[in-house]
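Remarks on the structure that follows.
Here is how names work: the chains are called A, B, and so on, in the same order as the sequence lines, proteins then strands, and each is numbered from 1.
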There are 2 protein chains.
Amino acid sequence: MPSRQEQLLDAAIDVLGTQGTRALTHRAVDAAASMPAGSATNYFKTRDALVSAVVARFVARDRAAWQAIAGFVQPTSADGLAAALTGYVRRALGPERAVTVARYALFVEAALRPELRAPLAVSAQELRTWASDRLRAIGSADPDRECAALLDYVDGLLLHQLSFPGPPEALEPMITRAVHELCPTVTSG
Amino acid sequence: MPSRQEQLLDAAIDVLGTQGTRALTHRAVDAAASMPAGSATNYFKTRDALVSAVVARFVARDRAAWQAIAGFVQPTSADGLAAALTGYVRRALGPERAVTVARYALFVEAALRPELRAPLAVSAQELRTWASDRLRAIGSADPDRECAALLDYVDGLLLHQLSFPGPPEALEPMITRAVHELCPTVTSG
DNA sequence: AGCCGATCACTACGGGCGTAGTAAATCAAC
DNA sequence: GTTGATTTACTACGCCCGTAGTGATCGGCT
């Protein structure tokens, strides 16, 4: 059972991902969390404090998600990696759409307010090293570089698909080719 | 000399790219355009109308920018393309940073509000076909696919660089490798 | 010159926002 | 079981927002 603050922050992420930055207010968070008015104010005095806490919560959830994924799927080839990534992208665009939108909304926010960058950068670095290790494990000769390229590609793809969605069946071939091309040194197959 | 409405919309894009969606209000636009209070209201009655007009203006400016670029640089090889792209990315992250941030803010907005998608999608499609033709001209055997992959990659790269900037000198090698790998059929050199 | 339509500058107002401050409730410790 | 401190629920206030409405100003047409 998440704590009260976590419930509020999860509600805030949902508001952010379904109604945008403009709608992210104390009152909207209270309502989304089905809590009495003023609850969000008690924990996060100012709006800036709320946004900072949302970033922290988001990072924590992201980390937990990767670790869960890491436990389930462990691709052993480029095609396996592509399949896993396709699954991730499909989930990000479908059931988790709000979370994905919130993610990019936070990126834009961080581009505007440098004090939000640190936690996001730490999280990104963690993901990078973790994914690098996985890439190395399946044969990549330059895992850091290939990992960075792949992450850039996937985020660009996601952003575009969010804004003007294409047919979902087109995702797999696109991602498969990108993986093979951007990570040419992993064991293909 | 841009018309009065264009001046207002350019100011709106600047507000969006430097202060975010939340700050995009009629009054803020008036101030940024150094026009008397109420000017933005006269042209764009509601906030939604303002945002829609900003999208339209943005698309028009983008189109003009490509056409200008097309007149100047005409790469003839993968390395030339990479150099041109690196120049574009540097400009997008430096002098044009606000415009770039505004761009992604609008993407997020379009992810939330489907009625904004059409103009952005049209613009993206135009860019795609134009860039595809250029890719084909320098030898690409599958220009549409390679173009899509490249655009996805560049937007992801830009978004990441905006949120947690890295050293600018790292851009060129990253982009060069990505171009070579994602567009393997263009004449290298 | 004189009118007329459109554009512009400015004001007015209701609503919702962020924020601060206060009562109530919960819990720990003794 | 009472006390005291922390957490929770709620209220109050001032500010700024989006929006509507009203004169003033300008240009084209006859």
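Between A/T25 and C/dG18 there is a side-chain N or O to OP1 or OP2 distance below 4.0 Å. Within the 4.0 Å cut-off from OP1 or OP2 of D/dG18, at least one side-chain nitrogen or oxygen of A/R22 is found. Put simply, B/T46 has no side-chain N or O that comes within less than 4.0 Å of OP1 or OP2 on D/dG18.
The nearest whole Å value for the distance from the CG atom in B/D30 to the P atom in D/dC16 is 15 Å. In this entry the distance linking NZ of B/K45 with P of D/dG21 reads 10 Å, nearest Å. Rounded to whole Å, atom C1' of D/dA20 lies 11 Å from atom CG of B/N42. With rounding to whole Å, A/D48 atom CG is found 12 Å from C/dA20 atom P. Between the CD atom of B/Q19 and the P atom of D/dC17 there is a distance of 11 Å, given to the nearest Å. Atoms NE2 (A/H26) and P (D/dT8) sit 15 Å apart, rounded to a whole Å. To the nearest angstrom, C1' of D/dC10 lies 15 Å from CE of A/M35.
As judged by a 4.0 angstrom heavy-atom cut-off over every strand, B/L24 is placed among residues touching the sugar-phosphate backbone only. In this structure, A/T41 reaches the bases: a heavy-atom distance under 4.0 Å links it to at least one base atom across the strands shown.
Among the nucleotides C/dA9, D/dG18, D/dC10, the one closest to the side chain of B/R4 is C/dA9. Here the side chain of A/Y43 is nearest to one of D/dT8, D/dA9, C/dA9, namely D/dT8. If you check D/dG18, D/dG21, C/dT19 against the side chain of A/R47, the one that comes closest is C/dT19.
A salt bridge is defined here as a Lys NZ or Arg NE, NH1 or NH2 lying under 4.0 Å from an Asp or Glu carboxylate O, and B/R177 with A/E146 fails to meet this definition. Between B/R136 and B/D133 there is a salt bridge, since a side-chain N of the basic residue sits under 4.0 Å from a carboxylate O of the acidic one.
Residues A/D62 and A/S123 have side chains that never bring a donor and an acceptor to within less than 3.5 angstrom of each other.
Counting only heavy atoms from C-beta outward, the side chains of B/R117 and A/P165 approach each other to under 4.5 Å.
Looking at A/R27, its side chain has no donor and acceptor atom pair within 3.5 Å of the base of C/dG16.
Aromatic ring pairs are classed by plane angle as parallel below 30°, tilted from 30° to 60° and perpendicular above 60°; the pair A/F107 and B/F164 is perpendicular.
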